[in-house]
Trainee: 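Sharing a structure here in structure tokens format.
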Amino acid sequence: MFEIAKSAFLNIFRRKSRSILTFLGIAIGLCLLLVLISFVDGINNEAQSTIGKMQGIIVSQESAVDQVFSSIDEGYEQKLSKIQGVKEVVPEQYYFVTEIQNKAVGGSMFDQPYIYAIDPGQFENSSYSAFIDAIYKGRGLKSGDNGVVMISKDISEQYLKGLGDSLKVGSAKFEVIGIYEANSSFPVNAIIMPVDDFRENYPYKKGKVNSFYVIPDAGADATQISKKIEFSYDELKAQGQEEMMEQVNSLLLNLRLIAVFVSLISAFVAAIGIINTMLMSVMERTRELGTLKAVGWTKKNIIFMIILESVFLSIVGSIIALIIGTIISKLLGFVIGIDTVISLTLIFEIFAFGIFIGLVGGIYPAVKASKMDPVEALRDE
Amino acid sequence: MIMVENIIQAKDVVKSYVLGETTVNALNGVSLDVKKSQIIMILGPSGSGKSTLLHILGALDHPTTGDVYIKGKKISELDDFSLAVFRRYYLGFVFQSFNLIPTLNVLENVLIPTIPDGKNEEKTQRAISLLKAVGMSHRLKHKPAELSGGERQRVSIARALINDPEIIFADEPTGNLDTKTGQSIVDLILKLRDKEKKTFVIVTHDPSLTKYADKIYHIRDGKISDIKGK
Ligand SMILES: Nc1ncnc2c1ncn2[C@@H]1O[C@H](COP(=O)(O)OP(=O)(O)OP(=O)(O)O)[C@@H](O)[C@H]1O
Ligand SMILES: [Mg+2]
């Protein structure tokens with residue numbers, strides 16, 4: 001068996017260009033799978049860790065797609081604070097910035113910078129731990145702050161503004177007192193400032209805020225508070241850790257399904273590619289396979305050899321997929337800002353999948369090869 | 001006790017090929033016996049059915065009708081596996097067109113029949129000494145494409161002998177050889193017959209070979225036309 005395995009192994013080096021095409025056919029499919037899943041896992045990781053730190057509940061307008069577009073009465077602050085188990089209610093305001101340092105900023109909804117305005121005292125006292133954790137230079141907002149902002153590392157790098165520098169946002173100038181590191185839940189493009197500064201310098205709807213950040217008492221059940229809020233006020237949407245997690249999970253599940261679906265299609269294509277290569281190689285070697293039978297190789301010997309050839313091809317394809325996929329995944333992840341995850345399980349899955357494709361793709365050509373009649377095969381010119 | 005003296009027996013072998021509307025009878029009722037430790041030669045004009053007969057006698061091909069027995073076993077009753085094992089251990093074949101594997105070197109080609117059993121050092125040594133016997137030991141690492149026709153022929157003779165078969169079938173084994181190497185192959189064949197009781201069935205045109213035959217079958221149009229020897 002070992003010797004046959006060795007023959008099979010050597011055989012794949014005999015038709016180099018076709019073997020390379022087959023490697024690639026398999027590699028592309030598996031590569032796609034690896035990149036997609038590594039992204040899904042990466043997003044999942046970051047989302048879990050940041051949502052995990054979120055103790056509060058985000059209350060926004062029921063019909064709004066995003067907090068940024070939500071608009072609710074300031075008056076809810078009072079009503080929400082009265083709910084049992086609620087420790088604090090922090091009003092939040094968002095505003096898209098059109099000019100920084102006198103230069104127009106553009107971009108889509110996802111990268112256009114925006115102001116996130118809150119009460120600095122509440123920022124300091126409240127459990128904004130997730131944000132506090134993300135600070136990598138300087139400090140967070142404090143009670144009594146004015147004329148100051150916290151900015152993301154991206155903005156700091158883009159406008160070359162460090163701690164103590166002044167940053168012109170729209171027509172007003174602010175001192176940078178903190179820089180935070182962006183990740184999947186802390187946007188790359190936020191400027192965090194005290195709400196008074198915001199109201200002084202930018203237009204806003206009087207008596208309205210975008211959303212409230214509701215912080216429960218220690219030991220209180222956030223889910224129950226969310227439910228209570230939504231039950232009492234139809235026009236509000238309350239999302240706590242659990243709801244966010246659910247939302248993220250269902251999104252990730254969809255992504256994962258898409259990833260698997262896309263990969264299945266490419267695997268199918270890869271399997272057809274491998275069947276094609278193996279069939280051609282079997283046809284080309286008709287005479288040789290006939291000789292093997294004539295000198296006493298059994299059907300099983302030949303089936304074993306051809307299937308192994310196919311599996312070797314797919315293993316090489318898997319290795320290529322692993323290398324190229326990892327590079328693509330990390331590069332793309334770096335560009336997009338997601339720390340993609342290539343887990344051992346994923347590596348194992350890629351190999352198992354690759355070998356499976358090789359096995360399945362090799363069966364038909366192998367059986368065909370084994371049925372070759374020695375004399376017919378020897379007559380083949 | 002009856003000794004199976006006839007190591008090969010063919011009874012009324014017919015082989016026909018259907019080509020469109022016409023049927024070609026490559027063999028048209030051939031019966032013959034091959035005794036152990038004899039050299040049998042098959043002679044006949046081109047297209048008379050010599051190769052076809054050799055393939056059928058050597059269990060590579062099935063007759064359309066009629067039966068072939070090798071060592072008392074009816075070939076048509078053997079399953080695929082037994083047939084393969086039979087070919088591997090009892091029968092050696094030297095093909096008219098050699099059928100070496102182009103990507104393997106001389107030594108590897110000789111070892112092909114040993115691969116299913118896992119080749120070992122002993123087999124490799126045997127391959128080298130067989131290649132020495134056919135005068136090819138200086139070309140172990142050469143690929144078939146780098147050899148002359150006569151050299152390829154000698155490699156395929158070594159391959160036929162690697163598993164020490166009892167019966168060797170050879171289709172024009174000296175066809176491409178000069179007198180001197182041809183003679184050395186003849187000497188090898190005679191030695192194997194006399195010392196190791198091997199049986200040979202040889203298709204040939206070569207008059208310098210026919211004088212060593214124990215029995216000669218002439219065939220013409222798929223039929224035995226003449227038998228010489230006992
Ligand atoms: N697969 C086949 N299909 C059709 N006809 C065949 C086939 N194999 C052999 N024949 C025919 O059978 C006849 C005998 O062929 P065979 O190869 O046995 O001749 P041969 O005596 O070995 O000739 P040579 O001396 O040229 O090798 C030929 O006429 C050939 O055309
Ligand atoms: Mg012939």
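Just so we're on the same page: letters track the sequence lines, and every chain starts at 1.
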Trainee: Would you say B:R159 and A:V295 make side-chain contact, with heavy atoms under 4.5 Å?
Mentor: yes
Trainee: Is A:T298 close to chain B through its backbone or its side chain, or both, or neither, when contacts mean heavy atoms under 4.5 Å?
Mentor: both
Trainee: Kindly indicate whether the side chain of B:L43, heavy atoms from C-beta on, has any atom under 4.5 Å from the side chain of B:M41.
Mentor: yes
Trainee: Would you confirm whether B:K50, through its side chain, and B:G44, through its main-chain N or O, come within 3.5 Å as a donor-acceptor pair?
Mentor: yes
Trainee: Which residue out of B:L60, B:V85, B:T52 racks up the most heavy-atom pairs below 4.5 Å with chain A?
Mentor: B:L60
Trainee: Contact part of B:D80 toward chain A, heavy-atom cut-off under 4.5 Å: side chain, backbone, both or neither?
Mentor: side chain
Trainee: Name the orientation class of the two ring planes belonging to B:F93 and B:F95 (parallel below 30°, tilted from 30 to 60°, perpendicular beyond 60°).
Mentor: parallel
